*Asks:* 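Let me begin by handing over the structure; questions about it come next.
In this text, all values refer to a predicted model and were calculated from it rather than measured experimentally.
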Amino acid sequence: MSTSVALPKQYDPSEVEARWLRFWLENGYFHSDESTATVPFAMTLPPPNVTGSLHMGHALGSTMQDILIRWRRMQGSNAMWMPGTDHASIAVHHLLERDLKRREGKTRFDLGREAFLERAWAWKEKSGNRISEQEKLMGFSLDWQRERFTMDEGSNRAVREAFVLLHEQGLIFRAMRMINWDPASETVVSDLEVDVVEESGHLWELRYPIVGGGEILVATTRPETMLGDTAVAVHPDDARYTALVGKEIELPLTGRRVPIVADSFVDPEFGSGAVKITPAHDPNDYECSLRVGLPVLQVIDRVGKMCAPAPEKYVGLTTEQARKAVVADLEAGGFLGEIKPHKVPRGRSQRSGAVVEPMLMEQWFVRASTLAGPAIAAVQEGKTKLVPEEWTKTYMHWMENIRDWCISRQLWWGHRIPAWYCASCAHITVAREDPTACAGCGGAELRQDEDILDTWFSSALWPFSTLGWPDKTRALATYYPNAVLATAPDIIFFWVARMMMMGLHFLGKVPFRTVYLTAIVTDENGDKMSKVKGNVIDPLDVVFGATLDAMLARADAENAPEVAIKGIKKNFAKGVPAMGADALRFSLAALNTSGRYLRLSLDRVEGYRHFINKLWNASRFVLMNMDGYDAARFEALRANRGGWSLADRWILSRLQRVAAEVDAALEAFRFSDAANAIYQFVWHQLCDWYIELAKPFLLQGEPQDVARTTRRHVVQGVLASVLEHTMRLLHPFAPYVTEEIWQKLPKPAQLPESLMVTVYPRGDEHLVDVEAERDMAQLQEVAVAARMLRSTYGVPPAQTVTIEVRARPPALRALVTEHQALIEHTAKLRMTLCDFDSAPPSGAAKAMVGGELEIAMPLGGLIDPVTERARIAKDLGKTDKEIGGLEKKLGNADFLAKAPPDVVAEQRARLAEEQARRGRLQEALELLSQGGAEGA
RNA sequence: GGGCGGGUAGCUCAGCGGCAGAGCGUCGCCCUUACAAGGCGGGGGUCGCAGGUUCGAACCCUGCUCCGCCCACCA
């Protein structure tokens with residue numbers, strides 16, 4: 001038997017969350033077993049960068065994943081959620097090298113490869129698991145025993161295996177290509193890592209003297225590259241230049257002579273129709289040089305400075321300095337024509353921000369076009385579905401136009417390329433184990449390729465490398481393919497597409513059945529959160545709270561710029577209140593509609609914190625009233641349906657409906673629909689109505705009053721049971737508060753130790769009570785109408801009013817009579833039932849419910865005829881408008897002939913109701929005019 | 001230059017052929033013993049513009065317009 005439990009009036013998440021997190025972890029509830037026979041449901045967490053800390057994008061994505069995994073686990077699936085972190089090659093370099101520069105004034109080259117890597121590992125050991133700790137605090141039920149890292153032994157082995165296999169198959173190769181060079185990080189970056197921005201620059205016109213007389217005009221946005229020119233090209237059909245093709249020009253400043261060539265890529269309409277050709281530093285020019293057969297002269301080096309064979313005086317200058325010098329010298333020599341402002345697209349490295357230099361270099365590539373085929377087919381055939389579906393086009397478009405993927409990087413932190421060059425022959429040995437001899441000539445003098453692999457190479461293998469591949473493990477057999485991958489749309493190309501290609505290639509199966517693309521979290525103004533703008537809402541600040549001073553101190557420690565400090569002061573003037581993980585999680589779910597962006601503001605989260613608190617207090621109320629309750633006895637009463645009221649039947653029916661709604665919504669990844677359905681149920685059905693209706697029955701009566709005691713027991717049981725099931729429904733969204741409440745609720749003995757391993761409710765159609773829902777809805781309308789009259793006339797709460805209810809249909813009369821107490825309690829007044837055709841007292845305020853029930857509130861002299869007339873006239877106006885529309889529709893022969901019969905019948909019924917309503921309202925208005933005249 | 005998404009209440013967004021909705025904000029009344037982080041009630045919309053299809057359009061089609069985003073080697 002249960003006794004009352006007292007809870008604090010305000011919910012304090014901090015203590016509760018820490019306690020249950022420990023409990024879940026200690027009891028291994030997050031762990032999954034690949035040998036379990038139940039249906040597997042596996043997901044892989046997109047591994048965050050080891051450099052990172054949890055940001056709102058992670059919080060959103062991971063909350064949606066945790067909702068799915070907790071939901072499926074409760075449904076009985078073998079739910080596995082794989083955690084891990086990514087070594088994030090460039091990001092780590094960036095961070096460590098910046099630090100090295102600041103503290104010791106050194107570069108990574110001063111330190112050397114080995115020493116640098118030592119530091120990197122030390123740093124990783126020290127701060128690499130910070131983000132995992134943060135994920136735990138959010139309540140994410142990741143299977144921590146499986147936690148992996150993209151540079152751990154298993155991943156290393158998978159990377160080697162994949163590289164070697166692809167190389168054997170000719171899908172990885174080494175080639176001289178035009179690549180994107182980041183001179184700040186001194187590495188190649190892939191096409192995806194370059195952001196092209198249109199910047200304002202200039203178009204310089206250069207006048208190249210032709211050998212033998214005359215000149216030819218060329219235009220360029222990068223005059224400094226002329227030092228590497230090896231030709232001038234014109235269109236072969238351009239009559240202006242036909243005679244010049246084959247002649248040479250005297251390339252200013254260099255003393256070189258280069259030919260005038262014809263190539264059809266030249267647009268005769270642009271500028272002069274002649275273009276300078278710099279094969280080493282422009283992709284177009286390089287292509288042209290291949291077609292025409294021109295030498296390639298590299299005049300810009302790895303750090304973005306001019307180098308030989310550029311003339312001595314320019315060597316060592318940055319491209320920017322060189323530009324000034326070259327322009328000045330050209331001008332001095334009379335080689336400069338017009339200079340016009342011009343928009344130039346400029347590629348910048350995403351990570352370093354440096355202007356990317358197109359360079360011709362030998363690098364390793366993945367032949368993506370071959371791998372893309374199956375990845376395209378799999379999506380076309382629906383083996384993998386993208387949700388929301390719109391993203392399919394984006395994926396397809398990119399895949400169909402995919403280019404070879406440059407995978408080598410001139411960095412140190414990462415997977416070193418398993419290729420060895422031989423001192424005595426040209427053979428390149430690619431091997432799983434470090435070789436001791438050249439596979440070509442047997443020579444012993446081998447040198448391993450200095451480069452490492454693009455971080456995304458190991459990420460591409462992640463869905464199966466984490467499950468033991470290349471070994472054929474039980475885990476791989478059970479959890480591959482994953483059920484769902486949830487990630488942000490900005491890494492569809494970087495990651496999703498590449499996992500699809502690699503997964504299909506190595507396993508012959510798609511890596512996941514559904515890709516759920518999350519929204520991008522922005523601030524309340526729709527701006528992307530950025531540290532520079534100072535508008536970043538840190539998820540853990542929301543959970544634990546943060547003062548403005550603490551936020552500023554943190555920004556200062558990160559050397560945030562002045563604008564960021566200003567932004568923080570403006571956006572977080574009062575700091576961030578502590579709201580708990582549940583409030584944040586629920587907010588993210590409730591605001592996550594199918595749009596591409598999710599605007600988050602602290603106000604919104606605060607609103608949902610109110611919801612958590614509301615739930616807390618409703619539970620408090622229930623627990624305060626559980627004296628003498630016995631769950632077993634209730635189950636017996638439930639079996640024979642003894643003593644059930646309309647309200648009991650109604651709330652239980654509503655519970656079934658909300659469970660069905662949540663189930664359907666989660667199946668369709670409609671998280672906001674699911675969250676809002678629960679919100680609506682808890683607040684507006686359970687709290688606003690059922691708990692209010694329960695109150696009178698919870699009062700302790702005389703023990704010998706058996707009927708009353710039984711009734712009380714039923715109400716207690718309904719409350720406890722509905723609340724218990726509500727906790728289950730809500731648990732994936734707000735795991736902590738629901739566990740806390742659930743543990744305290746009186747409940748049948750056979751349930752497990754934790755809410756998170758109970759069975760998730762599914763809506764049961766048989767338990768939906770249509771009649772109870774319909775009756776309850778009508779009674780609610782009556783109560784609401786009565787409250788409206790009361791509120792309109794400002795009847796003081798202390799004043800007892802008796803309303804008169806007039807209803808025409810006998811069933812409605814019976815319903816109202818039977819549930820008089822319900823109406824009186826919820827509208828806080830007394831009521832009498834009168835004959836429909838009897839006249840209400842003069843000076844009564846009136847309201848209609850539908851067309852056949854009227855409420856009259858006698859107010860004696862208190863009624864204000866002006867207010868009342870205006871109110872009723874407005875109501876009448878609306879009704880007239882409705883009738884007008886309906887009559888027009890029903891008067892239309894086409895409508896009657898072509899619309900489905902049920903629609904026609906429905907419209908007829910509505911018309912009848914509206915007409916009845918109009919009659920009654922008109923009467924009221926007339927009566928009021930007489931009464932009003934008398935009164936005045 | 002191509003492609004994608006969006007314009008619905010003051011704000012944020014659902015609805016995507018059959019009575020225009022929610023949350024928040026706003027206004028009025030109320031400390032009614034679960035909750036003032038609360039209760040009750042009210043007001044608020046030519047569904048971006050113009051055509052078309054349909055018995056019927058916020059919803060489907062066409063054009064226009066404005067706002068985002070992604071892709072693209074034009075000097």
Side-chain angles (χ1 to χ4, degrees), chain A residues 7 9-11 178 191 196 203-204 218-222 225 233 265-267 269-278 282-287 342 344-345 347 358 388 390-391 393-394 397-398 401 489-490 492-493 520 524 526 577 579 583 590-591 593-601 603-604 606-625 670 672-673 676 679-680 683 687-688 691-692 695 783-784 787-792 794-798 826-828 871 882 885-886 889 892-900 902-904 906-907 910 914:
Chain A
L7 296 181
K9 197 165 165 179
Q10 283 188 14
Y11 174 61
M178 186 61 71
D191 297 333
V196 181
L203 192 64
W204 283 269
V218 294
T220 181
T221 55
R222 302 195 55 192
T225 62
F265 94 99
V266 181
D267 176 5
E269 306 291 315
F270 189 90
S272 64
V275 52
K276 60 191 272 310
I277 302 295
T278 321
D282 182 280
N284 275 324
D285 292 4
Y286 176 63
E287 294 299 316
H342 192 71
V344 276
E390 297 95 80
W391 291 110
K393 283 182 190 167
T394 305
H397 184 258
W398 189 75
N401 296 285
D490 49 3
I492 291 179
F493 309 144
I520 291 174
E524 56 198 307
M579 305 204 245
L591 297 173
T593 55
S594 46
R596 289 192 172 198
Y597 296 93
L598 187 161
R599 294 193 189 203
L600 188 74
S601 73
D603 289 348
R604 305 301 293 269
E606 206 162 354
Y608 288 111
R609 182 185 59 162
H610 295 175
F611 170 66
I612 301 292
N613 198 56
K614 180 81 180 175
L615 181 76
W616 178 254
N617 278 294
S619 308
R620 242 182 92 219
F621 173 79
V622 171
L623 291 169
M624 275 194 269
N625 286 286
R670 302 184 58 99
S672 66
D673 285 355
N676 289 322
Y679 182 101
Q680 172 72 23
W683 203 310
C687 293
D688 288 352
I691 288 183
E692 286 311 315
K695 281 177 181 174
V784 167
R787 286 171 183 168
M788 183 273 287
L789 288 178
R790 182 164 196 148
S791 173
T792 302
V795 179
T826 52
K828 303 214 173 347
R871 200 174 53 75
E882 281 291 313
L886 288 163
K889 207 179 233 185
N892 183 343
D894 281 334
F895 174 71
L896 297 176
K898 293 181 186 170
D902 56 316
V903 172
V904 177
E906 193 192 319
Q907 305 292 313
R910 271 185 57 205
E914 295 294 336

*Asks:* Which whole-number value in Å describes the distance from A:I612 CD1 to B:rG23 P?
*Replies:*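 These atoms are roughly 17 Å apart.
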*Asks:* Just to be sure I understand the rule, does A:V622 reach a base, reach only the sugar-phosphate, or reach nothing, if contact means heavy atoms closer than 4.0 Å?
*Replies:* nothing
*Asks:* Could you tell me how the ring of A:Y11 sits relative to the ring of A:W616: parallel (under 30°), tilted (30 to 60°) or perpendicular (over 60°)?
*Replies:* tilted
*Asks:* What distance, rounded to whole Å, do you find between the two C1' atoms, one in B:rG63 and one in B:rU53?
*Replies:* 15 Å
*Asks:* Report the nucleotide, chosen from B:rC35, B:rG39, B:rA14, that has the shortest atom-to-atom distance to any side-chain atom of A:R620.
*Replies:*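 When the side chain of A:R620 is considered, B:rC35 is the closest of B:rC35, B:rG39, B:rA14.
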*Asks:* Would you say B:rG41 has OP1 or OP2 under 4.0 Å from some side-chain N or O of A:R787?
*Replies:*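 Checking A:R787 against B:rG41: at least one side-chain N or O falls below 4.0 Å of OP1 or OP2.
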*Asks:* Is A:I520 close to A:P489 at the side-chain level, that is, under 4.5 Å between some pair of heavy atoms?
*Replies:*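 Yes, at least one pair of side-chain atoms sits under 4.5 Å.
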*Asks:* If you measure from the C1' atom in B:rU8 to the same atom in B:rU46, how many Å do you get, rounded?
*Replies:*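 Nearest-Å result for B:rU8 against B:rU46 at atom C1': 12 Å.
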*Asks:* Under the side chain to side chain contact (heavy atoms under 4.5 Å, CB included) rule, collect the residues that match up with A:R910, sequence neighbours excluded.
*Replies:* A:E882, A:L886, A:Q907
*Asks:* Is the side chain of A:R790 donor-acceptor paired with the backbone N or O of A:P796 at a distance under 3.5 Å, no angle test?
*Replies:*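 Present.
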*Asks:* If you only use heavy atoms from C-beta on, which nucleotide in B:rC70, B:rC74, B:rA37 is closest to the side chain of A:F493?
*Replies:*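 When the side chain of A:F493 is considered, B:rC70 is the closest of B:rC70, B:rC74, B:rA37.
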*Asks:* Could you check whether the side chain of A:K614 and the base of B:rC35 have a donor-acceptor pair of N or O atoms closer than 3.5 Å, going by distance alone?
*Replies:*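 Answer is yes: a donor-acceptor pair is held.
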*Asks:* Is A:P577 close to A:M579 at the side-chain level, that is, under 4.5 Å between some pair of heavy atoms?
*Replies:* yes
*Asks:* Could you go through A:L615 and A:W683, starting from their C-alpha distance and side-chain angles, then the distance that decides it, and tell me whether this counts as side chain to side chain contact (heavy atoms under 4.5 Å, CB included)?
*Replies:* CA-CA 8 Å; A:L615 181 76; A:W683 203 310; over 6 Å; no
*Asks:* A:H397 has an atom NE2; how far is it from atom P of B:rC69, in whole Å?
*Replies:*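 Atom-to-atom, A:H397 to B:rC69, this comes out as 19 Å.
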*Asks:* For the pair made of CD in A:Q680 and P in B:rG21, what is the distance, rounded to whole Å?
*Replies:* 14 Å
*Asks:* Looking at the side chain of A:W683, which of B:rA34, B:rG38, B:rG15 is the nearest nucleotide?
*Replies:*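 My answer, after comparing the listed nucleotides, is B:rG38.
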*Asks:* Regarding A:T394, tell me which of base, sugar-phosphate or nothing describes its non-hydrogen contacts under 4.0 Å with the strands shown.
*Replies:*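 Nothing, no nucleic acid heavy atom in range.
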*Asks:* Of the candidate nucleotides B:rC4, B:rA34, B:rG23, which contains the atom at the shortest distance from the side chain of A:K695?
*Replies:*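 Within the option list, the nearest is B:rA34.
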*Asks:* Show me the protein contacts with nucleotides 55-59 of chain B, counting only N or O atoms at under 3.5 Å.
*Replies:*
unit_1	atom_1	unit_2	atom_2	d
B:rC55	OP1	A:K898	NZ	2.7
B:rC55	O2'	A:N892	ND2	2.9

*Asks:* Please give the distance between the C1' atoms of B:rC66 and B:rC29 as a whole number of Å.
*Replies:*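 Looking at atom C1' only, B:rC66 and B:rC29 are 43 Å apart.
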*Asks:* Could you tell me whether the phosphate oxygens of B:rG38, OP1 or OP2, come under 4.0 Å of any side-chain nitrogen or oxygen in A:H610?
*Replies:* yes
*Asks:* Side chain of A:T593, heavy atoms from C-beta onward: which of B:rA34, B:rG38, B:rC13 has the nearest atom to it?
*Replies:* B:rC13
*Asks:* Can you tell which of B:rC73, B:rC35, B:rC13 lies closest to the side chain of A:K9?
*Replies:* B:rC35
*Asks:* Side chain of A:N284, heavy atoms from C-beta onward: which of B:rC35, B:rC74, B:rG41 has the nearest atom to it?
*Replies:* B:rC74
*Asks:* Do A:W398 and A:I492 have side-chain heavy atoms sitting under 4.5 Å apart?
*Replies:*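 Not in contact.
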*Asks:* Does B:rC24 have OP1 or OP2 sitting under 4.0 Å from an N or O in the side chain of A:Y679?
*Replies:*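 For B:rC24, OP1/OP2 do have a side-chain N/O of A:Y679 under 4.0 Å.
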*Asks:* Rounded to the nearest angstrom, tell me the gap between atom CD in A:E524 and atom P in B:rG10.
*Replies:*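 Checked: the CD to P distance equals 19 Å.
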*Asks:* Distance check, C1' atoms only: B:rG2 and B:rA20, in whole angstrom units.
*Replies:*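 Each nucleotide's C1' atom is 37 Å from the other's.
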*Asks:* To the nearest Å, how far apart are A:R670 CZ and B:rC13 C1'?
*Replies:* 12 Å
*Asks:* Quick one: does A:K614's side chain get under 4.5 Å of A:C687's, heavy atoms only?
*Replies:*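 Contact flag for A:K614/A:C687 side chains = yes.
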*Asks:* Give the rounded distance in Å between these two atoms: CZ of A:F611 and C1' of B:rC24.
*Replies:*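 Interatomic distance, CZ of A:F611 to C1' of B:rC24: 15 Å.
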*Asks:* For atom P, what is the distance between B:rC4 and B:rU62, given to the nearest Å?
*Replies:* 12 Å
*Asks:* Take A:F265 and A:A783, find for each the nucleotide of RNA chain B with the closest heavy atom, and name the residue whose nucleotide sits nearer the 5' end.
*Replies:*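 Going by which nucleotide is closer to the 5' end, it is A:A783.
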*Asks:* Measure from the side chain of A:D688, starting at C-beta and using heavy atoms only, and say which of B:rG39, B:rG68, B:rG41 lies closest.
*Replies:*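 Output: B:rG39.
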*Asks:* Does B:rC13 have its OP1 or OP2 closer than 4.0 Å to a side-chain nitrogen or oxygen of A:R599?
*Replies:*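 For A:R599, the contact criterion (side-chain N or O under 4.0 Å from OP1 or OP2 of B:rC13) is met.
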*Asks:* Of all the nucleotides listed (B:rA37, B:rU12, B:rC4), which has the minimum atom distance to the side chain of A:N613?
*Replies:* B:rA37
*Asks:* What nucleotide, of B:rA34, B:rC71, B:rA37, holds the atom closest to the side chain of A:F621?
*Replies:*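 Taking heavy atoms from C-beta onward, the closest nucleotide is B:rA34.
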*Asks:* Answer yes or no for A:R222 and A:W204: cation-pi contact, defined as NZ/CZ to six-membered ring centre under 6.0 Å and angle to ring axis within 45°.
*Replies:*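 Cation-pi check for A:R222 and A:W204: fails.
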*Asks:* When you check the side-chain N and O atoms of A:T278 and A:K276, is any donor under 3.5 Å from an acceptor?
*Replies:*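 Looking only at side-chain atoms, A:K276 and A:T278 do form a donor-acceptor pair, the distance falling under 3.5 Å.
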*Asks:* List the atom of A:S594, the atom of A:P388, and the distance in Å for their closest heavy-atom pair.
*Replies:*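 Looks like O-CG, 4.3 Å.
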*Asks:* Considering only atom C1', compute the distance from B:rC60 to B:rC67 and round it to an integer number of Å.
*Replies:*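 Nearest-Å result for B:rC60 against B:rC67 at atom C1': 24 Å.
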*Asks:* Can you tell me how far C1' in B:rC47 sits from the matching atom in B:rG6, rounded to whole Å?
*Replies:* 14 Å
*Asks:* Scan A:E287 against the nucleic acid and name what it touches under 4.0 Å (heavy atoms): base, sugar-phosphate only, or nothing.
*Replies:*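 Since no nucleic acid heavy atom lies under 4.0 Å of A:E287, the category is nothing.
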*Asks:* From CG of A:D282 over to P of B:rA72, roughly how many Å is that when rounded to an integer?
*Replies:* 16 Å
*Asks:* Starting at atom CH2 of A:W391, determine the distance to atom P of B:rG5, rounded to an integer number of angstrom.
*Replies:*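 So the two atoms are 10 Å apart, to the nearest Å.
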*Asks:* Search all heavy atoms of A:F895 against all heavy atoms of A:K889 and return the closest pair with its distance.
*Replies:*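 In this case the closest contact between A:F895 and A:K889 is CD2-O, 3.3 Å.
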*Asks:* Please check: side-chain N/O of A:N613 versus main-chain N/O of A:R609, any donor-acceptor pairing under 3.5 Å?
*Replies:*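 Looks like no, no N/O pair under 3.5 Å.
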*Asks:* Between A:E906 and A:C687, which is nearer to the 5' end of RNA chain B once each is assigned its nearest nucleotide?
*Replies:* A:E906
*Asks:* Dot-bracket for RNA chain B, please, read 5' to 3', with Watson-Crick or G-U wobble pairs under 3.5 Å on both distances, ( ) within the strand, [ ] crossing, | other strand, . unpaired.
*Replies:* ((((((((.[[[[.)..(..]]]].(((((.......))))).....[[[[[..)....]]]]])))))))....
*Asks:* Distance check, C1' atoms only: B:rG17 and B:rC55, in whole angstrom units.
*Replies:*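 These two C1' atoms come out 12 Å apart once rounded.
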*Asks:* Give A:G595 one of three labels, base, sugar-phosphate or nothing, depending on what nucleic acid heavy atoms sit under 4.0 Å from its own.
*Replies:* sugar-phosphate
